[in-house]
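As structure tokens, the structure follows; a few thoughts come after it.
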Amino acid sequence: VLGWSHIFRVTGISIDGIQPQATDLITSKIKRESLIEIGEPLARVDGRVVKRALLKNQWIGNVRVNRHWISGEIHIFVDQKNAIARINSMSGFAYLTDQGAIANFPEELKISVPTVSGNFQDNANAERAKELLGELTGALESRLTVKSLSIGSPTSFSTVATVGEQQLTI
């Protein structure tokens with residue numbers, strides 16, 4: 001009964017775990033979809049509904065929602081997926097994550113990663129690109145910066161990288 005009373009109301013929303021641009025995107029989604037309203041009873045905030053709505057964004061890996069009954073604050077912790085490469089295709093671009101998945105990230109996040117091209121309809125190519133980027137980036141004690149990677153098949157690739165000022169084509 002107390003949970004539905006006027007005493008325990010939402011007084012604020014805090015979002016942690018991500019960069020400020022991403023926080024703004026999540027705040028906008030919460031407002032646009034009326035997931036949480038300031039002043040509504042805390043008991044009406046369903047963390048599972050908020051989590052499901054936010055996980056529809058491909059760039060979000062996990063969401064935790066906590067209600068703080070004394071302060072009235074809703075705390076949302078978001079784990080953003082880690083993009084390791086930008087993939088160019090005929091339909092635009094997407095990102096390859098460190099989990100080997102292909103996901104769309106909002107432009108507002110301004111992600112700076114190497115560009116990969118190739119046929120990524122085949123998951124083997126996405127997985128191979130992830131492995132190659134990890135191997136190349138770990139090479140030369142991280143002095144190597146991969147600029148682009150092109151995959152023709154799981155066994156054929158080329159890359160452009162730099163070590164300091166020197167450009168390498170492999």
Side-chain angles (χ1 to χ4, degrees), residues 1-134 137-138 146 149 151 154:
V1 173
L2 280 177
W4 293 92
S5 76
H6 296 289
I7 298 170
F8 298 108
R9 299 257 178 211
V10 175
T11 59
I13 303 167
S14 65
I15 301 169
D16 291 318
I18 51 178
Q19 56 185 289
Q21 298 92 333
T23 299
D24 293 343
L25 292 170
I26 290 173
T27 301
S28 295
K29 183 174 183 75
I30 288 169
K31 288 179 181 175
R32 187 175 54 253
E33 297 184 16
S34 299
L35 297 173
I36 303 170
E37 299 281 342
I38 301 296
E40 77 175 303
L42 276 168
R44 287 194 182 166
V45 176
D46 187 340
R48 294 170 298 185
V49 170
V50 174
K51 180 177 181 172
R52 268 194 308 273
L54 295 178
L55 286 175
K56 288 179 183 176
N57 296 290
Q58 294 180 356
W59 56 278
I60 295 178
N62 193 21
V63 176
R64 291 187 307 278
V65 180
N66 296 317
R67 293 180 285 198
H68 296 279
W69 292 96
I70 302 299
S71 68
E73 186 160 354
I74 302 293
H75 182 248
I76 302 171
F77 187 86
V78 179
D79 290 322
Q80 180 177 316
K81 290 181 181 176
N82 185 29
I84 60 170
R86 177 181 164 143
I87 299 171
N88 289 333
S89 68
M90 292 198 187
S91 61
F93 66 90
Y95 291 90
L96 178 65
T97 69
D98 59 356
Q99 300 298 310
I102 296 173
N104 291 311
F105 283 67
E107 287 183 36
E108 294 89 341
L109 298 185
K110 296 182 174 84
I111 297 170
S112 178
V113 292
T115 299
V116 177
S117 60
N119 176 10
F120 289 94
Q121 302 302 328
D122 179 3
N123 281 345
N125 281 348
E127 188 60 35
R128 186 65 185 139
K130 177 184 147 206
E131 290 171 16
L132 288 169
L133 283 168
T137 303
V146 178
L149 178 67
I151 299 203

Worksheet item: So which pairs with a foot in residues 25-34 pass salt bridge (Lys or Arg N to Asp or Glu O under 4.0 Å), sequence neighbours left out?
Response: Lys29-Glu33

Worksheet item: Hey, are the side chains of Val45 and Glu40 touching, using non-hydrogen atoms and a 4.5 Å cut-off?
Response: yes

Practice prompt. Assess whether side-chain contact (heavy atoms from CB on, under 4.5 Å) is satisfied between Ile74 and Leu42, documenting all intermediate values.
Written response: CA-CA 8 Å; Ile74 302 293; Leu42 276 168; 3.5 Å; yes

Going by atom type alone, with no hydrogens or angles, which donor-acceptor pairs under 3.5 Å involve a side-chain atom of residues 14-26 and a protein atom two or more places apart or on another chain?
unit_1	atom_1	unit_2	atom_2	d
Ser14	OG	Glu73	OE2	3.0
Asp16	OD2	His75	NE2	2.5
Thr23	OG1	Gln19	O	3.3

Discussion item. Ignoring hydrogens, what is the shortest heavy-atom contact between Leu35 and Ala53? Give both atom names and the distance.
Written reply: CD1-CB, 3.7 Å

Worksheet entry | Gln58: partners by side chain to side chain contact (heavy atoms under 4.5 Å, CB included), with sequence neighbours left out | Ala103, Asn104

Worksheet item: With Ser112, which residues qualify under side-chain hydrogen bond (donor to acceptor under 3.5 Å, both in side chains), at least two apart?
Response: none

Worksheet item: If we only count heavy atoms from C-beta on, is the Phe105 to Arg86 side-chain gap below 4.5 Å?
Response: no

Practice prompt. Supply the atom-to-atom distance Ile111 CD1 to Asn82 CG, rounded to the nearest 0.5 angstrom.
Written response: 9.0 Å

Worksheet, complete the sentence: Here the pair of heavy atoms bringing Ser71 nearest to Thr11 is O-OG1, 2.7 Å

Worksheet, complete the sentence: Taken to the nearest 0.5 Å, the spacing of Gln80 CD from Asn62 CG works out to 13.0 Å

Worksheet item: Any salt bridge (Lys or Arg N to Asp or Glu O under 4.0 Å) pairs touching residues 57-72, not counting sequence neighbours?
Response: Arg64-Asp79

Worksheet item: With side chains defined as the heavy atoms from C-beta onward, is the minimum distance between Ile76 and Ile13 less than 4.5 Å?
Response: yes

Worksheet item: Rounded to the nearest 0.5 Å, what separation is found between the CZ atom of Arg9 and the CZ atom of Arg44?
Response: 7.5 Å

Worksheet, complete the sentence: Between Ala94 and Ile102 the two heavy atoms that sit nearest each other are CB-CG2, 3.7 Å

Fill in: Aromatic ring pairing Phe8/Trp69, orientation class (parallel under 30°, perpendicular over 60°, tilted between)
perpendicular

Discussion item. According to side chain to side chain contact (heavy atoms under 4.5 Å, CB included), who are the partners of Leu55, at least two apart in sequence or on a separate chain?
Written reply: Lys51, Ile60, Val63

Discussion item. Is there a side-chain contact between Ile38 and Val10 in this structure, where contact means two heavy atoms from C-beta onward sitting under 4.5 Å apart?
Written reply: yes

